[in-house]
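Have a look at the structure that comes next, please.
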Amino acid sequence: MELTKTPSHSHTIMNELVLPNDTNTLNNLMGGRLLHWMDIVAAIAAQKHSGKTVVTASVDSVSFGKCIRLGDVVTLEAKVSRSFNSSMEIHIVVHAENIPSGEKFKSNEAYYTFVALDRNGTPMKVPSLVPETEEEHKRYDGALRRRQLRLILGGKMKADEATELKALFFPEG
C-alpha cells in the first residue's frame, strides 16, 4: 500500500521580523537572507511530507517583487506541490506587512526541490501527493513540466525526452 498525503499535511507558515542585521545599506531585506528563510520553510514542508531528512536539490523560478523593508514582518508559506520518487517540489509564497501602516503585499514566489535521504545519504521514497483544490491541481500538473525543465537544464534529461514540455509546443491534432 502506497502512502499518500494532501498538501495540507505539509503546509508550513513561518514569520520573521526584518532586523538591521538582515538589511542592506538601503534598509531593504537582503535577497540572500530571504532565500535562506525560504530554504528553511521549504525544508520544513518537505520534512513534514516525507517524514525524512531532506536536502535542497534545486532552487528555481525565484521572482523578486516589491522590496521588504527594515521592520516589516515577513510571512513565508510553503506547500508541497508534487512528489516524485524521492524528490518533492515545494512552492513558496512570501508576503510582507508593515504593521504600523497596515500595508500588506506579496513580495516573492519560488519553487524549491528537495530530496529525502536516509542516514547514509541514499535517496528514499516519499509519499505521493493527492491535490484537492483547483489551485493544487494546477500546481501539481505544472510540476512535471517544471521538473522536466530542471532536468534538461541540469543535463540529466535530453530535450526530446521531455514529453510534457513538447506537448506544450507541439500539441497533437
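We use all heavy atoms of the structure for the numbers below, so side chains are in, but hydrogens, waters and symmetry mates are not.
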Rounded distance [0.5 Å steps], CD1 in Ile68 versus CG in Asn108: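 Interatomic distance, Ile68 CD1 to Asn108 CG, rounded to 0.5 Å: 5.5 Å.
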Charged N-O contact under 4.0 Å between Glu89 and Arg147: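 No, Glu89 and Arg147 are not salt-bridged.
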Closest approach of Val115 to Pro123 (non-hydrogen atoms, all atoms of both residues): CG1-CB, 4.1 Å
CD1 on Ile40 to OH on Tyr112, rounded to 0.5 Å: 10.0 Å
Under 3.5 Å: donor-acceptor pair, side chain of Lys79, backbone of Thr12: no
Straight-line distance of Lys138 NZ to Thr133 OG1, nearest 0.5 Å: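 Answer rounded to 0.5 Å: 9.5 Å.
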Side-chain donor/acceptor of Asn120 to backbone N/O of Thr122, under 3.5 Å: no
Residue Glu132 excluded, over 12 heavy atoms near CD under 6.0 Å: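 Enclosed.
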CA sep, side-chain torsions, deciding dist, call: Phe105, Val94, side-chain contact (heavy atoms from CB on, under 4.5 Å): CA-CA 9 Å; Phe105 58 91; Val94 178; over 6 Å; no
Side chain proximity check, Met88 to Ser83, heavy atoms < 4.5 angstrom: yes
Rounded distance [0.5 Å steps], NZ in Lys52 versus OG in Ser86: 11.5 Å
Sub-4.5 Å side-chain heavy-atom contact between Thr113 and Ile90: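 Thr113 vs Ile90: side chains apart.
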All pairs passing ring-ring contact (aromatic ring centres under 6.0 Å, His included) where residues 43-93 contributes a residue, at least two apart: His91-Tyr111
Hydrophobic cluster membership, Val74 vs Val62, 4.5 Å side-chain cutoff: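 Yes, because Val74 and Val62 connect within a single hydrophobic cluster, where side-chain heavy atoms sit under 4.5 Å apart.
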N/O donor-acceptor pair under 3.5 Å between Thr56 side chain and Ser58 backbone: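 Judged by distance alone, no pair lies under 3.5 Å.
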Working for side-chain contact (heavy atoms from CB on, under 4.5 Å), residues Leu117 and Val54: CA-CA 6 Å; Leu117 302 175; Val54 299; over 6 Å; no
More than 12 heavy atoms of other groups within 6.0 Å of Asp60 CG: yes
Main-chain N/O of Ser81 paired to Arg139 side chain as donor or acceptor, under 3.5 Å: no
Heavy-atom side-chain proximity of Thr23 to Val18 below 4.5 angstrom: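 SC-SC contact between Thr23 and Val18 confirmed.
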Test item: Val80 and Arg82 side chains (from C-beta on) under 4.5 Å apart, heavy atoms: no
Between CG on residue Asn15 and OG1 on residue Thr75, distance to nearest 0.5 Å: 4.0 Å
Sidechain-backbone polar pair: Ser10 side chain, Lys48 backbone, donor-acceptor under 3.5 Å: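 Checked: no pair found.
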Closest contact, heavy atoms only, Ile92 versus Ala78: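 Closest pair (atom of Ile92, atom of Ala78, distance): CG1-CB, 4.1 Å.
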Flag side-chain contact, heavy atom, 4.5 Å: Arg146 against Leu144: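 They are not in contact (no side-chain heavy atoms under 4.5 Å apart), so the answer is no.
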Intermediate values then yes/no, side-chain contact (heavy atoms from CB on, under 4.5 Å), Thr4 and Leu129: CA-CA 6 Å; Thr4 61; Leu129 184 86; over 6 Å; no
Rounded distance (nearest 0.5 Å) linking atom CD1 of Ile44 with atom CG of Leu76: 10.0 Å
Check: Ser50 side chain, Ala46 main-chain N or O, donor-acceptor pair, under 3.5 Å: yes
Derivation of the side chain to side chain donor-acceptor pair (under 3.5 Å) call for Glu77 and His11: CA-CA 7 Å; Glu77 187 172 3; His11 183 228; 2.5 Å; yes
Which side-chain N or O atoms in residues 27-37 pair as donor and acceptor under 3.5 Å with protein atoms at least two apart or in another chain?
| unit_1 | atom_1 | unit_2 | atom_2 | d |
| --- | --- | --- | --- | --- |
| Asn28 | OD1 | Arg69 | NH1 | 2.7 |
| Arg33 | NE | Asp22 | OD1 | 2.7 |
| Arg33 | NH2 | Asn21 | O | 3.0 |

